[in-house]
Amino acid sequence: MTMSEAIQWMGLYPEELRQALSEMGEKPFRAGQVFSWLQKGARFSEMTNLSLSLREKLASSGIDQPVTVQETRVSRLDGTKKFLFALPDGNCIEGVLMRYHYGATLCISTQVGCKMGCRFCASTLDGCVRNLTAAEMLGQVQCANRTLDGEKVHNIVLMGSGEPMDNYDQVVRFLRLVSHPEGLNIGLRHISVSTCGLVPQMLRFAQEGLPVTLSLSLHAPNDQIRRQLMPIAQRYTMNETLDACRNYIEKTGRRVVFEYALIDGVNASEACAAELAGKLRGMQCHVNLIPLNTVKERNLYGVTEEQVRAFLSALEARHISATRRREMGDDIEGACGQLRKKILQEGRP
Ligand code: SAH
(Lines give C-alpha, C1' and ligand atoms only; values in the text may rest on other atoms or scores of the structure.)
Protein backbone atom coordinates (compact mmCIF):
# COMPACT_ATOMS: atom_id res chain seq x y z
CA MET A 1 0.00 0.00 0.00
CA THR A 2 1.45 3.37 -0.98
CA MET A 3 0.41 6.63 0.66
CA SER A 4 -1.67 7.67 -2.32
CA GLU A 5 -3.64 4.40 -2.34
CA ALA A 6 -4.32 4.45 1.38
CA ILE A 7 -7.96 5.20 2.17
CA GLN A 8 -8.34 8.31 4.30
CA TRP A 9 -11.04 6.74 6.47
CA MET A 10 -11.96 10.06 8.05
CA GLY A 11 -13.29 11.40 4.74
CA LEU A 12 -16.09 8.83 4.45
CA TYR A 13 -19.76 9.47 5.22
CA PRO A 14 -21.39 7.01 7.68
CA GLU A 15 -23.20 5.18 4.86
CA GLU A 16 -19.93 4.78 2.93
CA LEU A 17 -18.23 3.40 6.04
CA ARG A 18 -21.10 0.97 6.51
CA GLN A 19 -20.61 -0.25 2.95
CA ALA A 20 -16.83 -0.56 3.36
CA LEU A 21 -17.14 -2.45 6.65
CA SER A 22 -19.67 -4.89 5.28
CA GLU A 23 -17.35 -5.58 2.32
CA MET A 24 -14.65 -6.36 4.90
CA GLY A 25 -16.97 -8.90 6.54
CA GLU A 26 -17.66 -6.67 9.54
CA LYS A 27 -21.01 -5.88 11.13
CA PRO A 28 -22.42 -2.71 9.55
CA PHE A 29 -23.47 -1.29 12.95
CA ARG A 30 -19.79 -0.83 13.75
CA ALA A 31 -19.78 2.02 11.24
CA GLY A 32 -21.36 4.41 13.73
CA GLN A 33 -18.62 3.78 16.27
CA VAL A 34 -15.83 3.99 13.72
CA PHE A 35 -17.29 7.20 12.29
CA SER A 36 -17.41 9.08 15.57
CA TRP A 37 -13.93 7.92 16.60
CA LEU A 38 -12.49 9.06 13.28
CA GLN A 39 -14.32 12.38 13.30
CA LYS A 40 -13.01 13.13 16.76
CA GLY A 41 -9.47 12.48 15.62
CA ALA A 42 -8.79 9.20 17.45
CA ARG A 43 -6.04 6.89 16.30
CA PHE A 44 -6.91 3.26 15.49
CA SER A 45 -5.09 2.22 18.67
CA GLU A 46 -7.40 4.41 20.76
CA MET A 47 -10.63 2.91 19.38
CA THR A 48 -10.94 0.66 22.38
CA ASN A 49 -14.51 -0.53 21.84
CA LEU A 50 -13.55 -2.07 18.49
CA SER A 51 -11.98 -5.50 18.17
CA LEU A 52 -8.26 -5.65 17.57
CA SER A 53 -8.90 -7.45 14.29
CA LEU A 54 -11.14 -4.65 13.01
CA ARG A 55 -8.58 -2.03 13.99
CA GLU A 56 -5.92 -4.01 12.14
CA LYS A 57 -8.11 -4.32 9.06
CA LEU A 58 -8.71 -0.57 9.02
CA ALA A 59 -5.00 0.17 9.47
CA SER A 60 -3.92 -2.20 6.72
CA SER A 61 -6.05 -0.49 4.07
CA GLY A 62 -5.94 3.11 5.18
CA ILE A 63 -4.87 5.83 7.55
CA ASP A 64 -6.38 7.45 10.63
CA GLN A 65 -4.43 10.73 10.70
CA PRO A 66 -4.11 12.46 7.32
CA VAL A 67 -2.55 15.60 8.80
CA THR A 68 0.25 16.13 11.31
CA VAL A 69 1.71 19.32 12.76
CA GLN A 70 5.18 19.91 11.42
CA GLU A 71 5.82 23.27 12.99
CA THR A 72 3.95 25.71 15.25
CA ARG A 73 4.65 29.39 15.74
CA VAL A 74 2.94 31.34 18.49
CA SER A 75 2.51 35.09 18.19
CA ARG A 76 3.92 37.06 21.10
CA LEU A 77 1.49 39.84 20.23
CA ASP A 78 -1.84 38.03 20.59
CA GLY A 79 -1.27 34.28 21.10
CA THR A 80 -2.30 33.45 17.53
CA LYS A 81 -0.88 30.09 16.47
CA LYS A 82 0.33 29.41 12.98
CA PHE A 83 0.64 25.76 12.00
CA LEU A 84 2.62 24.24 9.23
CA PHE A 85 0.83 20.95 8.56
CA ALA A 86 2.38 17.95 6.80
CA LEU A 87 0.28 15.79 4.43
CA PRO A 88 0.76 12.07 3.69
CA ASP A 89 2.42 12.78 0.31
CA GLY A 90 4.99 15.18 1.74
CA ASN A 91 3.23 18.40 0.77
CA CYS A 92 2.65 21.04 3.41
CA ILE A 93 -0.11 23.56 4.07
CA GLU A 94 -0.86 26.26 6.62
CA GLY A 95 -3.52 26.92 9.21
CA VAL A 96 -3.99 29.75 11.69
CA LEU A 97 -5.70 29.52 15.09
CA MET A 98 -6.99 32.79 16.54
CA ARG A 99 -8.46 33.24 20.00
CA TYR A 100 -11.38 35.65 19.91
CA HIS A 101 -13.73 36.40 22.79
CA TYR A 102 -16.47 34.47 20.93
CA GLY A 103 -14.34 31.33 20.67
CA ALA A 104 -11.37 29.79 18.98
CA THR A 105 -11.38 30.39 15.23
CA LEU A 106 -9.37 28.27 12.84
CA CYS A 107 -8.41 29.29 9.32
CA ILE A 108 -7.80 26.24 7.14
CA SER A 109 -6.42 25.61 3.65
CA THR A 110 -8.42 23.88 0.92
CA GLN A 111 -5.68 23.33 -1.69
CA VAL A 112 -1.89 23.04 -1.75
CA GLY A 113 -1.19 26.41 -3.40
CA CYS A 114 -3.81 28.06 -5.62
CA LYS A 115 -4.26 28.68 -9.33
CA MET A 116 -6.44 31.80 -9.19
CA GLY A 117 -3.48 34.16 -9.64
CA CYS A 118 -4.65 37.14 -7.55
CA ARG A 119 -1.79 39.61 -7.83
CA PHE A 120 -1.58 40.40 -4.12
CA CYS A 121 -1.70 36.83 -2.80
CA ALA A 122 1.28 34.76 -1.68
CA SER A 123 -0.60 31.43 -1.93
CA THR A 124 -0.83 31.55 -5.69
CA LEU A 125 2.79 32.33 -6.58
CA ASP A 126 3.67 28.71 -7.47
CA GLY A 127 0.24 27.70 -8.78
CA CYS A 128 -1.94 24.90 -7.46
CA VAL A 129 -0.16 21.65 -6.59
CA ARG A 130 -3.30 19.69 -5.77
CA ASN A 131 -6.69 19.74 -4.10
CA LEU A 132 -6.97 18.76 -0.46
CA THR A 133 -9.30 15.92 0.46
CA ALA A 134 -12.13 16.44 2.94
CA ALA A 135 -10.15 14.30 5.40
CA GLU A 136 -7.18 16.63 5.06
CA MET A 137 -9.42 19.61 5.89
CA LEU A 138 -10.85 17.77 8.91
CA GLY A 139 -7.35 16.77 9.99
CA GLN A 140 -6.40 20.44 10.29
CA VAL A 141 -9.31 21.00 12.70
CA GLN A 142 -8.35 17.97 14.79
CA CYS A 143 -4.70 19.02 14.99
CA ALA A 144 -5.78 22.46 16.22
CA ASN A 145 -8.16 20.91 18.78
CA ARG A 146 -5.30 18.89 20.23
CA THR A 147 -3.39 22.08 21.02
CA LEU A 148 -6.38 23.66 22.79
CA ASP A 149 -6.45 21.89 26.13
CA GLY A 150 -10.14 21.48 26.88
CA GLU A 151 -11.47 24.14 24.56
CA LYS A 152 -12.42 23.23 20.98
CA VAL A 153 -12.35 25.03 17.67
CA HIS A 154 -15.66 26.91 17.57
CA ASN A 155 -15.48 28.75 14.24
CA ILE A 156 -13.85 27.77 10.97
CA VAL A 157 -12.95 29.98 8.04
CA LEU A 158 -11.93 28.50 4.69
CA MET A 159 -9.55 31.34 4.00
CA GLY A 160 -6.14 29.71 4.01
CA SER A 161 -4.41 28.68 0.80
CA GLY A 162 -6.59 27.58 -2.07
CA GLU A 163 -9.88 28.44 -3.69
CA PRO A 164 -12.69 26.44 -2.03
CA MET A 165 -15.01 26.70 -5.05
CA ASP A 166 -12.25 25.20 -7.23
CA ASN A 167 -12.29 22.11 -4.98
CA TYR A 168 -16.05 22.01 -4.74
CA ASP A 169 -16.86 18.36 -4.00
CA GLN A 170 -14.30 17.89 -1.25
CA VAL A 171 -15.23 21.21 0.36
CA VAL A 172 -18.92 20.26 0.44
CA ARG A 173 -18.01 16.84 1.84
CA PHE A 174 -15.88 18.53 4.52
CA LEU A 175 -18.73 20.88 5.49
CA ARG A 176 -21.17 17.98 5.86
CA LEU A 177 -18.70 15.92 7.91
CA VAL A 178 -17.46 18.67 10.23
CA SER A 179 -21.05 19.68 11.07
CA HIS A 180 -22.26 16.08 11.54
CA PRO A 181 -23.95 15.56 14.94
CA GLU A 182 -21.96 12.35 15.53
CA GLY A 183 -18.72 14.08 14.61
CA LEU A 184 -17.24 17.43 15.62
CA ASN A 185 -20.72 18.93 15.29
CA ILE A 186 -19.51 22.43 14.44
CA GLY A 187 -22.47 24.64 13.52
CA LEU A 188 -22.62 25.65 9.86
CA ARG A 189 -23.41 29.16 11.04
CA HIS A 190 -19.95 29.19 12.59
CA ILE A 191 -18.26 28.46 9.27
CA SER A 192 -17.24 30.92 6.55
CA VAL A 193 -16.34 29.93 3.02
CA SER A 194 -14.35 32.52 1.11
CA THR A 195 -14.23 32.67 -2.68
CA CYS A 196 -12.64 34.94 -5.25
CA GLY A 197 -15.91 34.59 -7.19
CA LEU A 198 -16.41 31.43 -9.25
CA VAL A 199 -19.96 32.29 -10.24
CA PRO A 200 -21.32 28.90 -11.45
CA GLN A 201 -20.06 27.18 -8.29
CA MET A 202 -21.50 29.94 -6.11
CA LEU A 203 -24.90 29.38 -7.71
CA ARG A 204 -24.64 25.65 -7.14
CA PHE A 205 -23.41 26.14 -3.57
CA ALA A 206 -26.52 28.16 -2.71
CA GLN A 207 -28.58 25.00 -3.38
CA GLU A 208 -26.64 22.64 -1.08
CA GLY A 209 -28.62 23.39 2.07
CA LEU A 210 -25.44 24.42 3.86
CA PRO A 211 -26.13 27.76 5.58
CA VAL A 212 -22.50 28.85 6.00
CA THR A 213 -21.41 32.47 5.66
CA LEU A 214 -20.24 33.19 2.15
CA SER A 215 -17.32 35.62 1.93
CA LEU A 216 -16.65 37.15 -1.44
CA SER A 217 -13.21 38.59 -2.11
CA LEU A 218 -14.24 41.74 -3.90
CA HIS A 219 -11.29 44.13 -3.46
CA ALA A 220 -12.56 46.64 -6.01
CA PRO A 221 -15.56 48.90 -6.69
CA ASN A 222 -15.64 48.20 -10.46
CA ASP A 223 -14.53 45.74 -13.14
CA GLN A 224 -11.68 47.90 -14.34
CA ILE A 225 -9.84 47.88 -11.01
CA ARG A 226 -10.87 44.31 -10.17
CA ARG A 227 -9.40 43.04 -13.45
CA GLN A 228 -6.04 44.56 -12.60
CA LEU A 229 -5.96 42.58 -9.37
CA MET A 230 -7.80 39.33 -9.96
CA PRO A 231 -7.76 37.22 -13.14
CA ILE A 232 -11.17 35.76 -12.21
CA ALA A 233 -12.65 39.20 -12.94
CA GLN A 234 -11.87 38.66 -16.65
CA ARG A 235 -14.17 35.65 -16.54
CA TYR A 236 -17.11 37.01 -14.56
CA THR A 237 -18.22 40.63 -14.37
CA MET A 238 -18.85 42.30 -11.07
CA ASN A 239 -22.57 42.42 -11.90
CA GLU A 240 -22.69 38.66 -12.44
CA THR A 241 -20.70 38.12 -9.27
CA LEU A 242 -22.92 40.38 -7.17
CA ASP A 243 -26.01 38.70 -8.65
CA ALA A 244 -24.62 35.34 -7.50
CA CYS A 245 -24.23 36.87 -4.01
CA ARG A 246 -27.81 38.15 -4.07
CA ASN A 247 -28.94 34.67 -5.05
CA TYR A 248 -26.99 33.21 -2.10
CA ILE A 249 -28.64 35.65 0.31
CA GLU A 250 -32.07 34.83 -1.09
CA LYS A 251 -31.60 31.04 -1.01
CA THR A 252 -29.91 30.77 2.40
CA GLY A 253 -31.19 33.81 4.29
CA ARG A 254 -27.60 34.59 5.24
CA ARG A 255 -25.84 37.85 4.61
CA VAL A 256 -22.74 37.89 2.43
CA VAL A 257 -19.43 39.32 3.66
CA PHE A 258 -17.29 41.23 1.18
CA GLU A 259 -13.55 41.13 1.73
CA TYR A 260 -11.83 44.30 0.64
CA ALA A 261 -8.05 44.65 0.99
CA LEU A 262 -7.13 48.33 0.80
CA ILE A 263 -4.23 48.90 -1.60
CA ASP A 264 -2.55 52.27 -1.71
CA GLY A 265 -3.23 54.15 -4.93
CA VAL A 266 -5.35 51.33 -6.38
CA ASN A 267 -8.71 50.88 -4.61
CA ALA A 268 -8.47 52.90 -1.38
CA SER A 269 -9.74 56.39 -2.33
CA GLU A 270 -12.96 57.85 -1.00
CA ALA A 271 -14.27 57.87 -4.56
CA CYS A 272 -13.77 54.09 -4.59
CA ALA A 273 -15.69 53.84 -1.31
CA ALA A 274 -18.56 55.86 -2.76
CA GLU A 275 -18.66 53.72 -5.91
CA LEU A 276 -18.57 50.53 -3.82
CA ALA A 277 -21.42 51.77 -1.62
CA GLY A 278 -23.48 52.40 -4.76
CA LYS A 279 -22.93 48.82 -5.97
CA LEU A 280 -23.85 47.26 -2.62
CA ARG A 281 -26.84 49.44 -1.84
CA GLY A 282 -29.83 47.48 -0.59
CA MET A 283 -27.91 44.24 -0.19
CA GLN A 284 -27.91 42.30 3.07
CA CYS A 285 -24.14 42.39 3.41
CA HIS A 286 -21.13 43.43 5.43
CA VAL A 287 -17.78 44.77 4.25
CA ASN A 288 -14.57 43.60 5.90
CA LEU A 289 -11.75 46.06 5.33
CA ILE A 290 -8.15 45.04 5.74
CA PRO A 291 -5.02 46.97 4.89
CA LEU A 292 -3.18 44.89 2.28
CA ASN A 293 -0.25 42.86 3.54
CA THR A 294 2.30 44.57 1.33
CA VAL A 295 3.64 42.51 -1.60
CA LYS A 296 6.82 44.33 -2.65
CA GLU A 297 7.52 41.99 -5.59
CA ARG A 298 4.28 43.23 -7.17
CA ASN A 299 4.56 46.86 -6.12
CA LEU A 300 1.36 46.64 -4.09
CA TYR A 301 1.34 48.43 -0.76
CA GLY A 302 -1.00 48.58 2.21
CA VAL A 303 -2.56 51.77 3.57
CA THR A 304 -2.32 53.79 6.76
CA GLU A 305 -4.81 53.68 9.62
CA GLU A 306 -6.14 57.08 8.55
CA GLN A 307 -6.87 55.76 5.07
CA VAL A 308 -8.73 52.77 6.54
CA ARG A 309 -10.75 55.07 8.78
CA ALA A 310 -11.62 57.42 5.93
CA PHE A 311 -12.76 54.51 3.73
CA LEU A 312 -14.79 53.06 6.58
CA SER A 313 -16.51 56.38 7.31
CA ALA A 314 -17.29 56.88 3.64
CA LEU A 315 -19.07 53.50 3.60
CA GLU A 316 -20.85 54.10 6.89
CA ALA A 317 -22.05 57.51 5.73
CA ARG A 318 -23.77 55.63 2.90
CA HIS A 319 -25.31 53.10 5.30
CA ILE A 320 -23.10 50.18 4.33
CA SER A 321 -22.25 47.97 7.30
CA ALA A 322 -18.46 47.69 7.50
CA THR A 323 -15.65 46.95 9.94
CA ARG A 324 -11.92 46.87 9.86
CA ARG A 325 -10.77 43.27 10.14
CA ARG A 326 -8.33 42.75 12.97
CA GLU A 327 -4.96 41.52 11.87
CA MET A 328 -3.56 38.82 14.06
CA GLY A 329 -0.26 37.04 14.16
CA ASP A 330 1.59 39.75 12.27
CA ASP A 331 4.90 38.63 13.76
CA ILE A 332 4.55 35.00 12.61
CA GLU A 333 3.75 35.29 8.88
CA GLY A 334 0.07 34.99 9.84
CA ALA A 335 -1.30 35.97 6.44
CA CYS A 336 -2.23 33.24 4.01
CA GLY A 337 0.57 31.58 2.08
CA GLN A 338 3.30 33.56 3.80
CA LEU A 339 4.72 30.89 6.08
CA ARG A 340 4.66 28.15 3.47
CA LYS A 341 6.34 30.49 1.00
CA LYS A 342 9.02 31.37 3.52
CA ILE A 343 9.65 27.73 4.41
CA LEU A 344 9.83 26.72 0.72
CA GLN A 345 12.27 29.58 0.06
CA GLU A 346 14.43 28.52 2.97
CA GLY A 347 14.60 25.07 1.37
CA ARG A 348 12.82 23.27 4.16
CA PRO A 349 11.52 20.75 4.98
N1 SAH B 1 -9.44 31.77 -2.50
C2 SAH B 1 -10.32 32.30 -1.51
C3 SAH B 1 -9.88 32.08 -0.07
C4 SAH B 1 -8.42 32.25 0.27
S5 SAH B 1 -7.74 33.87 0.37
C6 SAH B 1 -10.60 33.77 -1.76
O7 SAH B 1 -10.03 34.31 -2.69
O8 SAH B 1 -11.42 34.35 -1.08
C9 SAH B 1 -8.39 34.57 1.84
C10 SAH B 1 -8.53 36.09 1.79
O11 SAH B 1 -7.25 36.74 1.92
C12 SAH B 1 -9.12 36.57 0.48
O13 SAH B 1 -10.07 37.58 0.73
C14 SAH B 1 -7.88 37.14 -0.22
O15 SAH B 1 -8.25 38.02 -1.24
C16 SAH B 1 -7.13 37.75 0.95
N17 SAH B 1 -5.72 38.06 0.69
C18 SAH B 1 -4.83 37.40 -0.05
N19 SAH B 1 -3.64 38.03 -0.06
C20 SAH B 1 -3.76 39.11 0.72
C21 SAH B 1 -2.88 40.19 1.10
N22 SAH B 1 -1.62 40.24 0.67
N23 SAH B 1 -3.38 41.14 1.91
C24 SAH B 1 -4.66 41.09 2.37
N25 SAH B 1 -5.53 40.13 2.03
C26 SAH B 1 -5.10 39.16 1.21
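Nothing fancy with the numbering, it's 1 onward along the sequence. We count ligands from 1, going down the list as the structure has it; atoms in each ligand are counted the same way.
Side-chain contact annotation: T105 with H154, donor-acceptor N/O pair under 3.5 Å absent. A side-chain donor from one of S161 and S123 sits under 3.5 Å from a side-chain acceptor of the other.
Annotation: cation-pi pair R173/Y13 present, NZ/CZ under 6.0 Å from the ring centroid and within 45° of its normal.
Between Y260 and F258, the ring center distance fails the sub-6.0 Å criterion.
Near E163, meaning under 4.0 Å from one of its heavy atoms, ligand 1 places the atoms 1 (N), 2 (C), 6 (C), 7 (O). Each of the following atoms of ligand 1 lies closer than 4.0 Å to a heavy atom of C196: 6 (C), 7 (O), 8 (O). Each of the atoms 4 (C) of ligand 1 lies under 4.0 Å from some heavy atom of G160. With ligand atoms numbered from 1 in the order given, ligand 1 contributes 21 (C), 22 (N), 23 (N) to contacts under 4.0 Å with heavy atoms of L292. Set against the non-hydrogen atoms of C121, the atoms of ligand 1 under 4.0 Å away are 18 (C), 19 (N).
Not a single heavy atom of S123 sits closer than 4.0 Å to an atom of ligand 1. Note on ligand 1: G162 sits in its first shell, one or more heavy atoms being nearer than 4.0 Å.
You'll find the side chain of V141 reaches within 4.5 Å of the side chain of I186, heavy atoms only.
The N/O atoms of S217, backbone and side chain alike, include one that comes under 3.5 Å of an N/O atom in ligand 1. Residue V295 has no N or O atom closer than 3.5 Å to an N or O atom of ligand 1.
Screening L148, V153, V157 for a side-chain contact (heavy atoms from CB on, under 4.5 Å) involving L106 leaves a single residue, V153.
The proximity of E259 to ligand 1, defined as any non-hydrogen pair under 4.0 Å, is limited to the side chain. In T195, the part holding a heavy atom less than 4.0 Å from any atom of ligand 1 is the backbone.
The option from R119, Q111, H219 that lies nearest to atom 15 (O) of ligand 1, judged by heavy atoms, is H219.
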Q | D169/R176 under salt bridge (Lys or Arg N to Asp or Glu O under 4.0 Å): CA gap, chis, key distance, verdict | A | CA-CA 11 Å; D169 292 344; R176 295 199 196 289; over 6 Å; no
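Applying the salt bridge (Lys or Arg N to Asp or Glu O under 4.0 Å) criterion to E316, with sequence neighbours excluded, gives no partner residue.
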